[in-house]
Amino acid sequence: MLTTTRKRLLKRGLFLSVGLAALFYCITVCIYVAAQPYTGLYVLVSPQVAKVDADSGADKAGIIRGDKIRSLAGQKKPSDILDLLQLTRGLQKGQAVPVVFTRPGLAEPIEAELEVRASPFPIALLLWTGLSAGILTAAYIMYLRRPEDRPAMLFYLECVATVGAFIGALSWQVIAGSPLLLAVFLLCSGFIVPLGLHFFLVYPEVSSALKRWGRITSWLYLPMVVYLGGGMLVVVSMAGFIGPSPLFPLTQSRFVDFLLGLVSFHVALAMLYLITSVVNLYLTYKRTLHSEARTQIKWVLWGAAVSVVPLALLVVQVVESVDSHKWLFGEMQFMLLLIVLAMLVSAGLSMLKYRLMYV
């Protein structure tokens, strides 16, 4: 039988291991992205070019958004982003490969040479990794100060999920070619939404709905089980562990379509959960009489309310570009950063200043 002290130490060690694993994932993503051959060419669900990085090999070859790739390096046309990543994986840095593409309005295909370069230094990924170390350290200190405090535990787990989800969102165009890195990204992004609402149901005060229906928190995670289940099926299929079957008729050419459907479902659910969090915080604020508790709630309420704006703009982008998926190559990362900072900073400062410690 484990003593209470040993159980506490085991729990602290487990939480520390989860945080270190998140940082290790960030470092692994940085190394993986930096090691990949870079063309600056992106497609999504078809051979049509979805994005071309400025000053890249694709840009120098004259490829523009809207062109259709017919062949690359003497190979067949890439059917989607996963196919393109597979085609470019074996290319060497400094190599000039032939590319054939067509352009709307031109009858003849265009032939050019595309230079493969070293990947740009992942400054954004490294900055987020450094910021993640600070976020996780502060959250873990909060947890150590109040190890039995449920809001402190949930806030720490929310920070862990945020760290993994955001670095995955920054580099999804590259890590989509790695089933393992993609699986971790899906896992973190799947938990970030229900953990956030769960946290706001217990902090700064326990919600009246949670007092009345104690098991409501279990239902919060059910939609994410659907999201994660679908995502993991795609990942194991990409890795070749299972093939198409009557029960799972998903072929290689439909992986990206299926994943995009899951992402759209996730964004819509995040909007619903965030609005629910704001409403719950507002109702808690209205019924709370204690001045310090009201100040805590006000901090968190402002953060949650502000984060609704970039998420709403992201939803508008999803709806407007439901066919072209421009939002995936647009300001998605910037919108996610605003959401993350608004939520974590407001909740973190509230907990640091009013509940757990002074900095």
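Judged as a side-chain hydrogen bond (donor to acceptor under 3.5 Å, both in side chains), and not counting sequence neighbours, the contacts of Tyr221 are His198. With sequence neighbours excluded, no residue satisfies side-chain hydrogen bond (donor to acceptor under 3.5 Å, both in side chains) with Lys11.
The two atoms that bring Leu23 and Thr129 nearest to each other are CD2-O, 4.1 Å, heavy atoms only. Minimum interatomic distance between Val43 and Ile81 (heavy atoms only, all atoms of both residues): O-CB, 3.3 Å. Smallest separation of non-hydrogen atoms from Phe101 and Ala61: CZ-O, 4.1 Å. Taking both residues in full, the closest heavy atoms of Val52 and Asp59 are given as CG1-N, 3.7 Å, listed atom of the first, atom of the second, then distance. When all heavy atoms of Pro151 and Val202 are compared, the pair lying nearest together is CG-O, 3.8 Å.
If you take CD1 on Ile192 and SG on Cys159, they are separated by 9.5 Å, rounding to the nearest 0.5 Å. One distance of note links OH of Tyr143 with CZ of Phe15; it measures 4.5 Å at 0.5 Å rounding.
Not a single donor-acceptor pair under 3.5 Å links the side chain of Tyr25 to the backbone N or O of Val163. Between the side chain of Tyr140 and the main chain of Gly19, no donor-acceptor pair closer than 3.5 Å is present. Within the 3.5 Å criterion, the main-chain N or O of Gly196 finds a donor-acceptor partner in the side chain of Glu158.
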Exercise. Apply side-chain contact (heavy atoms from CB on, under 4.5 Å) to the pair Phe191 and Leu157, showing each step before the final yes or no.
Key: CA-CA 9 Å; Phe191 277 106; Leu157 293 175; over 6 Å; no
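There is no path of hydrophobic side-chain contacts, each under 4.5 Å, that joins Tyr42 to Ile64.
A side chain to side chain donor-acceptor pair (under 3.5 Å) check over residues 88-109, counting only residues at least two apart or in different chains, returns the pairs Asp67-Arg103, Gln86-Arg89.
Leu131 is not listed as a side-chain neighbour of Leu127, based on a closest heavy-atom distance of 4.5 Å or more.
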